[in-house]
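Remember, it's a predicted structure, so these values are computed and weren't measured experimentally. Order of the sequence lines sets the chain letters (A, B, ...), proteins ahead of strands, with each chain counted from 1.
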Amino acid sequence: STWGVLLSYCSIATRLQADRATALYRTSCLPISVFTPVLTHNTVLQYPVTMTSSSGSEHSPGGSRTAVILYRDREEWSDIEPRKQDDGPNPVVSIAYTEKFQDVYDYFRAVLHRDERSERALRLTADAANMNPANYTVWAFRRVILKHLECDLQNELRFIGDMITHHPKNYQVWFHRLKILEWIGEAPGELEFIASVLLLDSKNYHAWQHRQWVIKTFNLWDNELDFVSKLINEDIRNNSAWNQRYFVVSNTKDLGCFNVAAEEMYYALGKIGLAPNNESAWNYLRGVLQSRNLYSFPGLRDGIQELVDREVCSPFLQEFRIDVFEDELELSLENRDAVLDTAKRVLEHLANTLDTIRGKYWNYRYRRIVSRYGGTDI
Amino acid sequence: MNVKDIKLGENLPERLLLDQHIDFIQKYSSKENEYEYTMTEYLRMSGVYWCVTVMELMGALDKMDRSAIIEFVKSCQTAGGAFRPCTGHDPHLLSTLSAIQILITFDAVDEMDQESCVNHIASLQREDGSFTGDRWGEVDTRFTFCAVAALSLLRRLDAIDLERTVAFVMASGNFDGGFGVRPGSETHAGQVYCALGTLGLLGRLGLVDSDRLGWWLCERQLPSGGLNGRPEKLPDVCYSWWVLASLKILNRLHWISKPKLKKYILACQDSETGGFSDRPGDMPDPFHTLFGIAGLSLLGYEKPQLGSVNPIYCMSAVCLMKAGINIPKFKTSS
């Protein structure tokens, strides 16, 4: 899990410039809490842990280890005056930076200010992004440079793919990849790439969203139902996969057509039979039948009754029975009292025994069904 | 029944450690947290909004440097009207909303250029009613909420096409009754909040099946008492806000077990440093501190009493009233 903080002791190799010919290396050990709040959906913060190796060099995308030579010590950057962070006339806070971070970002601010769209600036944005992949402005400026230099976008795809593998829950890297694909105009191998990220976390919201964009934009629907079915087989409770199934079915078939709805109903019932307390499957079942009367839809009552006969223990099953009872009461005048009585008992059981944490909700459903269908003067 | 959840351990905080949280927020921007503070520069404006709002709810806003913060906010407004999260960073709708929220809280909204800001926000609306965050074109119902909330705080909802705004929100509605980032995206509690906040501000909650969505929301409560953001995920204290505020907007807050949620939220406090974390034992931060406190406020926590929080804006109700913002009424009983 990427939640939580890893306290790591990093040794940072710092090159002292006492003598350019003979550089001395000093290592300092600092405890650094290496958590990076990342802005995700609705400002939900997640904490991808950025590992720095104990020898002090950052692992950069592409596999090579870059030695930590500060930008201020690099010959090829000697023409640039680094730009310190300006917090305005009255800085809200006093900030001290770690030396390496400060160095990279001082130079980044300089090239940003100069609007320098060069090769070396491009490499600098890679360093800056590596250190703080959630920094939106770094990615935005990188795109400006890429456009200006007319860079090889396949290269960039490889670069951003590597970044995503290291920071899969970061908004900016996924959006950057989307823009590159937009510029390229095609996305061969993209579904395979996303599948590889989903292997790391099958519920990664960014990955699924990106996948939907790719499928819609490049019309890659053909194999998606198979892919989704495979994922549901691997983890029957994967809500993202169930959502994807609805996405595919609703875009490639017509749920208004009886056969389509029936097929999806049987699919959902089959999975419910395997894991009866799986919220995703029940939501899906209700979803594919949403505009229909549950009582009269062929095969549904039998499927539900089978679960009841098996004495399956599941609040979702009981809730669904209520939905069916309500549709029955909606339709027919026969057995009203009996149906209502059964429904009331189920709801009491839910409130008092089976799902007490939501007791107030079940009591509401009780009052609702009584007020809608319980009047003696019909 | 096997449910993905955490187990609340022993010896977790059971009462509100208010003074420690005040202390935590004050210290957050100080030298002790340099690295994290630096790394989060790109969301500084939102960070300030979280700190300012939670301090106000805790009755300690006077401990924040009002004039310095206002200067900072003003310095982040661009000529185009939008706000940067911090100097040197690109402006964005997210930081624009946070900036306005900060200024309203400090009763200083006249110190910004409202006209250019309104025009900028309006320019971000697309044909289908959605909003992008900036010129790069990312679309998200979060940005819809940011745009509508920002414009309503500036009393300029007239600047955008409201019908299309609503149409896009409803198009992002899903088969389970919830809402996602865009049409087709998985329902997520945070996006539900953004959708309901938007519809609430525009008086269109009637479009929502409140019973169905209210049920999805109260199903977020796990045996530990905490709330998750979608099925089969772990609880997180920030969902005490997204889910709870959503239920409040739907007048169905009583559908979750208040005592169990309260216990979970209190357990997420860090008794050593102050502040709240996502779940017990993890590192605290201002984000989770705000939403833990705001959640407790919605639950009507007393001893000590917290400031009343508006469930749509996640801002102090008192500050909104002082600013003369007409907000939809919410039944106090739920």
Identify every side-chain donor-acceptor pair in residues 223-230 of chain B under 3.5 Å, counting partners at least two apart or on other chains, and give the distances.
from: B:S224; atom 1: OG; to: B:D5; atom 2: OD1; distance (Å): 2.8
from: B:S224; atom 1: OG; to: B:D5; atom 2: OD2; distance (Å): 3.4
from: B:S224; atom 1: OG; to: B:G226; atom 2: N; distance (Å): 3.3
from: B:N228; atom 1: OD1; to: B:R220; atom 2: NH1; distance (Å): 3.2
from: B:N228; atom 1: ND2; to: B:R230; atom 2: O; distance (Å): 3.2
from: B:N228; atom 1: ND2; to: B:K233; atom 2: O; distance (Å): 3.0
from: B:R230; atom 1: NH1; to: A:K203; atom 2: O; distance (Å): 3.1
from: B:R230; atom 1: NH1; to: A:S240; atom 2: OG; distance (Å): 3.1
from: B:R230; atom 1: NH1; to: B:E186; atom 2: OE1; distance (Å): 2.9
from: B:R230; atom 1: NH1; to: B:E186; atom 2: OE2; distance (Å): 3.4
from: B:R230; atom 1: NH2; to: A:K203; atom 2: O; distance (Å): 2.9

Checklist line | Options B:P231, B:P259, B:S257, ranked by heavy-atom pairs under 4.5 Å with chain A, top entry | finding: B:P231
Note to self: Is any side-chain heavy atom of A:Q209 closer than 4.5 Å to one of A:W174?
What the structure shows: no
Item checked: Derivation of the salt bridge (Lys or Arg N to Asp or Glu O under 4.0 Å) call for A:E326 and A:R365 -> CA-CA 10 Å; A:E326 283 181 337; A:R365 288 296 297 267; 3.3 Å; yes
Notebook entry, point to check: Side chain, backbone, both or neither: which part of A:Q244 has an atom under 4.5 Å from a heavy atom of chain B?
Noted result: neither
Margin query: Less than 4.0 angstrom from a charged side-chain N to a carboxylate O is my criterion; do A:E279 and A:R237 meet it?
Written below: no
Check: For the rings on A:W221 and A:F247, is their centre-to-centre separation under 6.0 Å?
Finding: yes
Note to self: Please classify the contact between A:W362 and chain B as side chain, backbone, both or neither, with a heavy-atom cut-off of under 4.5 Å.
What the structure shows: side chain
Next item on the list: Name the region of B:W215, side chain, backbone, both or neither, that has any atom closer than 4.5 Å to a heavy atom of chain A.
Entry: both
Checklist line | Residues B:E41 and A:Y105: side-chain donor-acceptor under 3.5 angstrom | finding: no
Item checked: A:L112, part contacting chain B, at a heavy-atom distance under 4.5 Å -> side chain
Margin query: Quick one about A:S202 and A:N238 (side-chain donor to acceptor, distance below 3.5 Å, no hydrogens or angles considered), yes or no?
Written below: yes
Checklist line | Top contributor to chain B interface from A:R368, A:K179, A:E319 [non-hydrogen pairs under 4.5 Å] | finding: A:E319
Check: Given a strict heavy-atom distance threshold of 4.5 Å, which part of A:R83 is in contact with chain B: side chain, backbone, both, or neither?
Finding: neither
Note to self: Less than 4.5 Å to any heavy atom of chain B: does that hold for the side chain of A:D323, its backbone, both, or neither?
What the structure shows: side chain
Notebook entry, point to check: What part of B:R212 gets closer than 4.5 Å to chain A, counting heavy atoms only: side chain, backbone, both or neither?
Noted result: side chain
Next item on the list: List for me each residue that meets side-chain hydrogen bond (donor to acceptor under 3.5 Å, both in side chains) alongside B:D209, sequence neighbours excluded, and say none if there are none.
Entry: none
Check: Do the side chains of B:F179 and B:H188 get nearer than 4.5 Å, heavy atoms only?
Finding: no
Next item on the list: Let me know if B:L261 has heavy atoms under 4.5 Å from chain A in its side chain, its backbone, both or neither.
Entry: neither
Margin query: Is A:D355 close to chain B through its backbone or its side chain, or both, or neither, when contacts mean heavy atoms under 4.5 Å?
Written below: side chain
Margin query: If I measure from the heavy atoms of chain B, does A:Y364 come under 4.5 Å with its side chain, its backbone, both, or neither?
Written below: side chain
Notebook entry, point to check: For A:R286, is it the side chain, the backbone, both, or neither that has a heavy atom closer than 4.5 Å to a heavy atom of chain B?
Noted result: side chain
